[in-house]
Amino acid sequence: MLRLQSEPFAPGAALDAFVTAHPGAGAVVSFTGHVRDEGGRLVALEIEHYPGMARRAIEAQMTAARARWGLSGVQVIHRFGTIPAGGPIVMVATAAPHRAAAFEAAEFLMDHLKSRAPFWKREITADGPGPWVEARATDEGALDRWR
Amino acid sequence: MLRLQSEPFAPGAALDAFVTAHPGAGAVVSFTGHVRDEGGRLVALEIEHYPGMARRAIEAQMTAARARWGLSGVQVIHRFGTIPAGGPIVMVATAAPHRAAAFEAAEFLMDHLKSRAPFWKREITADGPGPWVEARATDEGALDRWR
Amino acid sequence: MIEVLYFAWLRERIGTGAEQIETTAPDVAALIAELKTRSPGHALAFADPGALRVALDQELADSLAAPLAGVREVAFFPPMTGG
Amino acid sequence: MIEVLYFAWLRERIGTGAEQIETTAPDVAALIAELKTRSPGHALAFADPGALRVALDQELADSLAAPLAGVREVAFFPPMTGG
């Protein structure tokens with residue numbers, strides 16, 4: 001299941017719903033990403049996205065992960081718009097019979113969301129909109145693991 | 001924080017409490033392990049443990065993970081006693097600035113809980129107590145990654 | 001007629017997020033060459049095309065040599081920073 | 001006097017989870033040799049000591065040659081299956 005939304009979400013409620021939806025799974029992994037305040041410098045992140053492509057790209061990544069690791073379930077929630085420091089940005093959950101598959105699939109999805117899903121982050125400080133966050137070479141490099 | 005208990009726990013509530021306790025973390029990973037019913041064959045798992053050593057061993061693993069990956073938080077819940085099929089056995093949560101550290105630390109903890117924490121699982125079928133679950137060579141081998 | 005979309009700082013430099021373009025450009029590189037002449041903002045946005053990413057009908061393109069035949073929506077943007 | 005603990009199928013074969021043992025065994029291997037003589041259940045439980053794990057005062061021991069000097073609690077069990 002994929003949710004693209006501007007509203008906040010509760011990671012715990014999302015995890016419980018996911019677990020309930022996949023009762024046979026032995027292993028469930030979740031990743032939740034939150035806005036870091038960078039030592040108080042950041043007030044919020046503003047996240048711009050390309051709606052049609054975001055849905056297509058993430059669904060393709062979910063389908064790939066499901067097939068490659070034999071997942072019984074996969075869920076992605078990704079927000080856009082203005083997210084205050086501490087707020088949740090993204091959540092990935094994977095369900096599989098064993099832990100290695102669930103962990104790897106969640107990492108695969110996060111690595112692809114970072115560099116292959118059309119979202120762009122901009123810093124919002126007390127002075128207003130700041131610079132766009134630059135892509136990190138380590139994030140691009142992380143994709144090599146999955147080739 | 002470490003909880004060893006016979007009572008069930010709600011993964012979602014545990015995740016939300018963990019996130020709330022570590023507001024500065026950018027990345028939170030959770031793993032939840034549940035009793036698989038093995039195609040309907042299993043009614044429950046019975047988990048025996050060595051209480052004093054379990055606490056010492058898991059706390060040492062948590063301390064090692066915290067130091068090695070610079071975690072801002074780490075939490076383990078492990079149950080003992082009789083757990084019906086579908087019920088939660090174990091939950092690990094890690095909080096770190098970035099995702100790679102949170103993922104690796106959670107995998108490290110799960111790999112050590114599997115083969116280095118004093119718990120023993122026995123199958124309970126409709127006919128009553130069945131065989132003790134045998135350790136898998138792949139679980140022992142998984143530890144090589146962390147040496 | 002194709003729909004051209006811009007995101008993040010490309011959108012800001014160009015001053016709009018979308019424009020309809022009448023073009024016969026055979027590939028992405030040729031389209032960029034045309035777009036650069038439309039305004040100083042366009043020229044600035046496309047000053048370093050190698051640093052950009054391009055999606056054709058919402059699929060990431062491999063290179064600036066990707067052909068435009070049949071494409072209805074072209075999007076230009078900086079490297080993505082999702083997750 | 002040391003406390004000897006047994007878990008899982010060792011506990012079942014021996015018929016108890018804990019016993020107090022008066023011993024002068026210098027190391028784990030010597031202690032196992034003594035324990036094996038206590039009952040047929042003990043002999044069965046320790047038939048293949050290499051397949052077992054040993055903890056001394058709640059710390060996993062590296063080998064059956066580990067010395068017992070100063071140790072107050074020795075636990076024997078099969079390979080762990082936690083998580």
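The chains referred to below are lettered A, B, ... by the order of the sequence lines, with proteins before strands, and numbering in each begins at 1.
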Undergrad: Which bit of A:R122 comes within less than 4.5 Å of chain C, counting heavy atoms only: side chain, backbone, both or neither?
TA: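 Side chain only.
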Undergrad: Can you confirm whether C:R38 is buried at CZ, in the sense that more than 12 heavy atoms of other residues, nucleotides or ligands lie under 6.0 Å from that atom?
TA: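 Atom CZ in C:R38 is crowded, with more than 12 foreign heavy atoms closer than 6.0 Å.
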Undergrad: Give the minimum heavy-atom separation between A:H49 and C:F7, together with the two atoms involved.
TA: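 Answer, listing the atom of A:H49 first, then C:F7: O-CE2, 3.5 Å.
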Undergrad: Please test A:M53 against C:F77 for side-chain contact (heavy atoms from CB on, under 4.5 Å), starting from the C-alpha separation and ending with a verdict.
TA: CA-CA 12 Å; A:M53 182 180 167; C:F77 42 79; 4.2 Å; yes
Undergrad: Tell me if the CG atom of A:D144 is crowded by more than 12 foreign heavy atoms within 6.0 Å.
TA: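 Counting neighbours around CG of A:D144, more than 12 heavy atoms of other residues, nucleotides or ligands fall under 6.0 Å, so yes.
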Undergrad: Let's test your reading of the structure: which of A:A60, A:A117, A:A57 forms the most heavy-atom pairs below 4.5 Å with chain C?
TA: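 Among A:A60, A:A117, A:A57, the one with the most close pairs to chain C is A:A117.
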Undergrad: So which atom in C:Q58 and which in A:R56 form the shortest heavy-atom distance, rounded to 0.1 Å?
TA: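 Between these two residues, the closest heavy atoms are OE1-CD, 3.0 Å.
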Undergrad: I'd like to know if the side chain of A:W120 reaches the main chain of C:P78, judged simply by a donor and an acceptor atom lying under 3.5 Å from each other, with no hydrogens or angles considered.
TA: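 It does hold such a pair.
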Undergrad: Report which part of A:H112 has an atom under 4.5 Å of a heavy atom belonging to chain C: side chain, backbone, both, or neither.
TA: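 It is neither, since no heavy atom gets under 4.5 Å.
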Undergrad: A:E140 versus chain C, heavy atoms under 4.5 Å apart: side chain, backbone, both or neither?
TA: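 Interface part for A:E140: side chain.
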Undergrad: For C:T81 and A:E134, work out which heavy atoms get closest and say how close.
TA: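 Looks like CG2-C, 3.9 Å.
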Undergrad: Write down the atom of A:S115, the atom of C:M80, and the distance for their closest heavy-atom approach.
TA: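 Heavy atoms only, the tightest pair is O-CE, 3.4 Å.
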Undergrad: Which atoms form the tightest heavy-atom contact between A:Y50 and C:A75, and what is the distance?
TA: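 Looking at all heavy atoms of both residues, the shortest contact is CE1-CB, 3.3 Å.
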Undergrad: Is there a donor-acceptor pair under 3.5 Å between the side chain of A:K121 and the backbone N or O of C:G83?
TA: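 Here the side-chain-to-backbone pair exists.
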